[in-house]
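Worksheet for the structure shown next.
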Amino acid sequence: MNNSICRSALDREYKLLSQLAYESEAYWQYNQSYMDIFKEKYNITVEWIKQYEVRVLEVEGEIAGFWGAKRYREKLELEYFYIEVGHIGKGYGKLLWKDLLSWCKAQGILEIEFVTSEQVIPFYEKQGAKVRGRVSSEIDGRAIPLLRYKLE
């Protein structure tokens, strides 16, 4: 984990972040029609980076992951949390999660809420998040987990 830093995303990184999110989601072997909708719906724009909080994990000068979220007073809605495919399973998700929590604490955020894929629930549960129910996926309508993390 040497030579890693977390920092705010730069406007010009929007294409790179969109591609990273796409490839990271595809890692879980979703079908092409799902991935086509994902690419359209979860495409990061310059405007998104300017309007909301987006932070990247940089490892040896390369982006290894990022998170992006919308703030609603003391609550954060986590929209993006992705690790570059070559870095999955190497502890970078934990680093990125620590950055998220640190940022939230500094901002007075008390709760993080987000939806995720079934495959990554164990990661989030290890970080202390709890499944609070299910909601309909905006991509394909299936029931997906809704998680919450309460900050102390």
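The structure presented is a predicted model; accordingly, all values stated were derived computationally and were not measured. Side-chain atoms are counted along with the backbone in the values below, which use heavy atoms only and exclude waters and symmetry mates.
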Does a sphere of radius 6.0 Å around CD in Glu77 hold more than 12 heavy atoms from other residues, nucleotides or ligands, not counting ones at 6.0 Å or beyond? yes
Kindly check if the number of other-residue, nucleotide or ligand heavy atoms within 6.0 Å of CD (Glu40) is above 12? no
Phe38 reachable from Leu16 in the ILVMFWY side-chain graph, under 4.5 Å edges: yes
Hey, any chance Tyr92 and Trp103 share a hydrophobic cluster, counting ILVMFWY side chains that come within less than 4.5 Å of each other, even indirectly? yes
Assign the ring pair Phe66 / Tyr80 to parallel, tilted or perpendicular, where the plane angle (0 to 90°) is split at 30° and 60°. tilted
Of the non-hydrogen atoms in Ser4 and Val59, which two are nearest, and what is the gap between them? CB-CG2, 4.0 Å
Within residues 124-152 or reaching into it, pairs that qualify as ring-ring contact (aromatic ring centres under 6.0 Å, His included) - sequence neighbours excluded: Phe81-Tyr124, Trp97-Tyr124, Trp97-Tyr149, Phe114-Tyr124
Apply salt bridge (charged side-chain N to carboxylate O under 4.0 Å, His left out) to residues Arg134 and Glu118 and explain how you reach the verdict. CA-CA 11 Å; Arg134 297 199 169 264; Glu118 296 287 341; 2.5 Å; yes
Return yes when atom NZ of Lys70 has more than 12 non-hydrogen atoms of other residues, nucleotides or ligands closer than 6.0 Å, and no otherwise. yes
Could you check whether any side-chain N or O of Gln127 sits under 3.5 Å from a backbone N or O of Phe123, counting only pairs where one atom can act as donor and the other as acceptor? yes
What do the steps show when you test Lys130 against Glu125 for salt bridge (charged side-chain N to carboxylate O under 4.0 Å, His left out), and what is the final call? CA-CA 6 Å; Lys130 306 241 186 292; Glu125 288 180 332; over 6 Å; no
Lys90 side chain vs Gly86 backbone, donor-acceptor pair below 3.5 Å: yes
Apply side chain to side chain contact (heavy atoms under 4.5 Å, CB included) to the pair Asp11 and Ile49, showing each step before the final yes or no. CA-CA 6 Å; Asp11 295 353; Ile49 291 173; 3.7 Å; yes
Side-chain contact test, heavy atoms from C-beta onward, threshold under 4.5 Å: evaluate it for Leu76 versus Leu100 and give yes or no. yes
Within a strict 4.5 Å, meaning less than it, do heavy atoms of the Val85 and Glu23 side chains meet? yes
Which atom of Trp48 lies closest to which atom of Ala69, heavy atoms considered: CH2-N, 3.6 Å
Can you check side chain to side chain contact (heavy atoms under 4.5 Å, CB included) on Gln32 and Asp36, steps first, answer last? CA-CA 6 Å; Gln32 192 58 53; Asp36 290 344; 2.7 Å; yes
State, yes or no, whether a side-chain contact exists between Leu146 and Val131 at a heavy-atom distance under 4.5 Å. no
Give, for atom NZ of Lys98 and atom NZ of Lys94, the distance between the pair rounded to the nearest 0.5 Å. 8.0 Å
Whether Ser24 side chain and Leu20 backbone form a donor-acceptor pair below 3.5 Å: no
Checking side chain to side chain contact (heavy atoms under 4.5 Å, CB included) for the pair Val56/Arg7: CA distance, chi angles, key distance, verdict? CA-CA 6 Å; Val56 300; Arg7 61 167 174 79; 3.4 Å; yes
Assess whether atom CZ of Arg12 is packed by more than 12 heavy atoms of other residues, nucleotides or ligands within 6.0 Å. no
Of all heavy-atom pairs between Leu95 and Cys6, which one has the smallest distance, and what is that distance? O-SG, 4.4 Å
Could you go through Leu57 and Asp99, starting from their C-alpha distance and side-chain angles, then the distance that decides it, and tell me whether this counts as side chain to side chain contact (heavy atoms under 4.5 Å, CB included)? CA-CA 9 Å; Leu57 169 64; Asp99 179 69; over 6 Å; no
CD1/Ile88 to CH2/Trp28 distance, rounded to the nearest 0.5 angstrom? 6.0 Å
Answer with yes or no whether the side chains of Tyr30 and Ser117 bring together a donor and an acceptor at under 3.5 Å. yes
Please name all residues satisfying ring-ring contact (aromatic ring centres under 6.0 Å, His included) with Tyr27, sequence neighbours left out, ordered by chain then number. none
Kindly work out whether a path of hydrophobic side-chain contacts (I/L/V/M/F/W/Y, heavy atoms less than 4.5 Å apart) joins Val46 to Trp67. yes
Flag the pair Arg73 and Glu111 as a salt bridge only when some basic side-chain nitrogen lies within less than 4.0 angstrom of an acidic carboxylate oxygen. no
Can you tell me if Ser18 uses its side chain to pair, donor with acceptor, with the backbone of Ile44 under 3.5 Å? yes
Counting only N and O atoms by type, is there a donor-acceptor contact under 3.5 Å from the side chain of Ser136 to the main-chain atoms of Gly141? yes
Could you measure the distance from the NE2 atom of His87 to the CG atom of Leu96? Nearest 0.5 Å is fine. 12.0 Å
Should Ile121 and Tyr82 be regarded as members of a common hydrophobic cluster, given that ILVMFWY residues are connected when their side-chain heavy atoms come within less than 4.5 Å of each other, either directly or indirectly? yes
In short, Ile139 meets Tyr42 closest at the heavy-atom pair CD1-CE1, 3.7 Å
Is atom CD of Gln119 surrounded by more than 12 heavy atoms (other residues, nucleotides or ligands) closer than 6.0 Å? yes
Kindly compute the distance separating CD (Glu53) from CZ (Arg71), expressed to the nearest 0.5 Å. 9.5 Å
When you check the side-chain N and O atoms of Ser137 and Asp140, is any donor under 3.5 Å from an acceptor? yes
Compute whether any side-chain donor of one residue and acceptor of the other, for Glu25 and Tyr34, lie under 3.5 angstrom apart. yes
Is there a donor-acceptor pair closer than 3.5 Å between any side-chain N or O of Glu13 and the backbone N or O of Leu10? yes
In terms of hydrophobic clustering (I, L, V, M, F, W, Y; side-chain heavy atoms under 4.5 Å; direct or indirect links), are Val120 and Ile112 co-clustered? yes
For the student: nearest non-hydrogen atoms of Leu78 and Gly68, plus distance: CD1-O, 3.6 Å
Where do Ile63 and Glu84 come nearest, in terms of heavy atoms and distance? O-CB, 4.2 Å
